[in-house]
Amino acid sequence: MTEDHRPDAVQDVAAQLETLGGTRPRIIPGSGDIRIEADVTPRLADNWLQVLQVLDAGADFGLTLTDTGQVAWLRIPRETGTRP
């Protein structure tokens, strides 16, 4: 059986970003990774140093400018394997 071994890490990061920013981030599953996106709210910006520490948990992270504002994102690779 193949399983994703990272759901706890994804939920933990999402919960931390929600606490820091005041809005629930989006969790976007991909074939090889999971992307977490958080809108940059004034509250998230006020906590930016802590936000950077959370984003650093990903394999990579960044900040994207959209038509509606800025989005902070990180990518967490899926770690799959077989379990007995």
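Scope of the values below: all heavy atoms of this structure, side chains included, with no hydrogens, waters or symmetry mates.
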Output side-chain donor-acceptor pairs under 3.5 Å for residues 25-32, partner residues at least two apart or in another chain, one line each.
unit_1, atom_1, unit_2, atom_2, d
Arg26, NE, Glu37, OE1, 3.4
Arg26, NH1, Asp39, OD1, 3.4
Arg26, NH1, Asp39, OD2, 3.3
Arg26, NH2, Asp39, OD1, 3.0

Drop me the distance from Leu74's CG to Ile36's CD1, to the nearest 0.5 angstrom.
4.5 Å
Pairs in or reaching into residues 62-71: which pass salt bridge (Lys or Arg N to Asp or Glu O under 4.0 Å), with residues at least two apart or in two chains?
none
Would you list the atom pairs, donor with acceptor, under 3.5 Å between side chains in residues 14-22 and any protein atom, with sequence neighbours excluded?
unit_1, atom_1, unit_2, atom_2, d
Gln16, NE2, Asp12, OD2, 2.9
Glu18, OE1, Arg24, NH1, 3.0
Thr19, OG1, Ala15, O, 3.1

Below 3.5 Å, can you tabulate the donor-acceptor pairs from side chains in residues 50-65 to any protein atom, sequence neighbours excluded?
unit_1, atom_1, unit_2, atom_2, d
Asp60, OD1, Arg75, NE, 2.9
Thr64, OG1, Trp73, NE1, 3.2

